[in-house]
Amino acid sequence: MPNIAFLSPRYPNTRTKGRDELERLARVLASGFGVGYLPVAPGTWGSLEAVLLAWLIHCFIPLSTTLVLSALLVVLIYPAVVLCSCFARQSNRSDPQQIVLDEILGQFLCLLWAPISAASLVAGFLLFRLFDIVKPFPVGRAEKLPLGWGIIGDDLIAGLYAGICLRILWVLF
């Protein structure tokens, strides 16, 4: 007779426990450690969180800020897609406003285009928020990609647009 004790209600189903932990991790990370739960303009707060992180990286590793931000982008894009997909499925919405990990990655991409300074952080923040809100082509179209790809993709393109504009401003001024 096979052992079916694991089916008993007394024994927790480890698959459910693991899924609950993944969903909890997705909520924590995708919300930028809770920033996405702020009641007003969570995307703006997520972008500000990214600017603060970039500034801290610059303070502690000034000669390698670009390298660290680039590495974070490369390492985090795919896990961010997975985490945002999990969060979106769990909330039954295509792009929950509590997800700010997309803004963090988009803002990091924007800030790669100019040396970190007070002026570049402010200009990069404003430019990224502009492109993220206005959603020029193809930002709006990328938003329609499935689950996490759409959540992350539109902000990466907005970050690219903002970064190019930031670079132009940096060269001009």
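Basis for what follows: all heavy atoms, side chains included, without hydrogens, waters or symmetry-related copies.
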Checklist entry - Same hydrophobic cluster for I57 and L63, using side-chain heavy-atom links shorter than 4.5 Å among ILVMFWY? => result no

Next on the checklist: With a 6.0 Å cut-off (strictly less than), is the heavy-atom count around CH2 of W170, excluding the residue itself, greater than 12?
Outcome noted: yes

Checklist entry - Checking side-chain contact (heavy atoms from CB on, under 4.5 Å) for the pair L126/L130: CA distance, chi angles, key distance, verdict? => result CA-CA 6 Å; L126 293 173; L130 173 72; over 6 Å; no

Checklist outcome for this item: Here the salt bridge (Lys or Arg N to Asp or Glu O under 4.0 Å) pairs for residues 137-149, sequence neighbours left out, are K135-E143

Item to check | Min side-chain heavy-atom separation S31-I99 under 4.5 Å | outcome: no

Next on the checklist: If we ignore hydrogens and angles and just use 3.5 Å, is the side chain of R167 paired with the main-chain N or O of A114 as donor and acceptor?
Outcome noted: no

Next on the checklist: Apply side-chain contact (heavy atoms from CB on, under 4.5 Å) to residues F108 and L53 and explain how you reach the verdict.
Outcome noted: CA-CA 9 Å; F108 281 174; L53 289 170; 4.0 Å; yes

Checklist outcome for this item: Taking every heavy atom of A54 against every heavy atom of L121, the minimum-distance pair comes out as CB-CD2, 4.5 Å

Item to check | Where P62 and T65 come nearest, the two heavy atoms and their spacing | outcome: O-OG1, 3.4 Å

Next on the checklist: With a 4.5 Å cut-off on side-chain heavy-atom distances among I, L, V, M, F, W and Y, is there a chain of contacts connecting I133 to V51?
Outcome noted: no

Next on the checklist: Strictly distance-based, threshold 3.5 Å: is any side-chain N or O of S47 a donor or acceptor partner for the main-chain N or O of F125?
Outcome noted: no

Next on the checklist: Can you confirm whether C165 sits close enough to F128 that some side-chain heavy atom of one is under 4.5 Å from a side-chain heavy atom of the other?
Outcome noted: no

Checklist entry - Side-chain heavy atoms under 4.5 angstrom apart, residues restricted to Ile, Leu, Val, Met, Phe, Trp, Tyr: same cluster for Y78 and L147? => result no

Checklist entry - Can you find a heavy atom in the side chain of L29 that is under 4.5 Å from one in the side chain of L25? => result yes

Checklist entry - In Å, rounded to the nearest 0.5 Å, how long is the span from CG of L67 to CG of L72? => result 9.5 Å

Item to check | Steps toward side-chain contact (heavy atoms from CB on, under 4.5 Å) verdict (L73, L112) | outcome: CA-CA 10 Å; L73 274 168; L112 287 176; 3.5 Å; yes

Checklist entry - Can you find a pair of side-chain heavy atoms, one from L101 and one from I151, that are under 4.5 Å apart? => result no

Checklist outcome for this item: The single option from D155, D102, T44 that satisfies side-chain contact (heavy atoms from CB on, under 4.5 Å) with D132 is D155

Checklist outcome for this item: So CG of L56 and CD1 of I116: to nearest 0.5 Å the spacing works out to 11.0 Å

Next on the checklist: Show me the pairs that pass salt bridge (Lys or Arg N to Asp or Glu O under 4.0 Å) and involve residues 25-43, at least two apart or across chains.
Outcome noted: none

Next on the checklist: Applying salt bridge (Lys or Arg N to Asp or Glu O under 4.0 Å) as the test, list every pair that has at least one member in residues 84-97; sequence neighbours left out.
Outcome noted: none

Item to check | Expected output: side-chain S120 to main-chain S117 donor-acceptor under 3.5 Å | outcome: yes

Checklist entry - Do F173 and L111 belong to the same hydrophobic cluster, where Ile, Leu, Val, Met, Phe, Trp and Tyr are linked whenever their side-chain heavy atoms lie under 4.5 Å apart, directly or via other members? => result yes

Checklist entry - Within the side chain of Q107, is there an N or O that forms a donor-acceptor pair under 3.5 Å with the backbone of G124? => result yes

Checklist entry - Of all heavy-atom pairs between L127 and L169, which one has the smallest distance, and what is that distance? => result CD1-CD1, 3.9 Å

Next on the checklist: Working note: T66 + S70, criterion side-chain contact (heavy atoms from CB on, under 4.5 Å); need CA distance, chi angles, decisive distance, verdict.
Outcome noted: CA-CA 6 Å; T66 302; S70 299; 4.2 Å; yes

Checklist outcome for this item: Here the gap from C110 atom SG to L69 atom CG, rounded to the nearest 0.5 Å, amounts to 11.0 Å

Item to check | For A30 against F87, the heavy-atom pair lying closest together | outcome: CB-CD1, 4.0 Å

Checklist entry - Is Y37 atom OH crowded by more than 12 heavy atoms from other residues, nucleotides or ligands, each under 6.0 Å away? => result yes

Checklist outcome for this item: Smallest heavy-atom separation, A88 atom then S94 atom, equals CB-O, 4.0 Å

Next on the checklist: Taking the side chain as everything from C-beta on, heavy atoms only, tell me whether W45 gets closer than 4.5 Å to V100.
Outcome noted: no

Item to check | Flag, side chain of S85 to backbone of G148, donor-acceptor distance under 3.5 Å | outcome: yes

Next on the checklist: Taking V139 as the starting point, is it possible to reach V134 by hopping between hydrophobic residues whose side chains are less than 4.5 Å apart?
Outcome noted: no

Item to check | Sole candidate of V171, I164, L166 that passes side-chain contact (heavy atoms from CB on, under 4.5 Å) when paired with I168 | outcome: I164

Next on the checklist: I want to check something: taking the side chain as every heavy atom from C-beta on, are E23 and C86 in contact at a cut-off of under 4.5 Å?
Outcome noted: yes

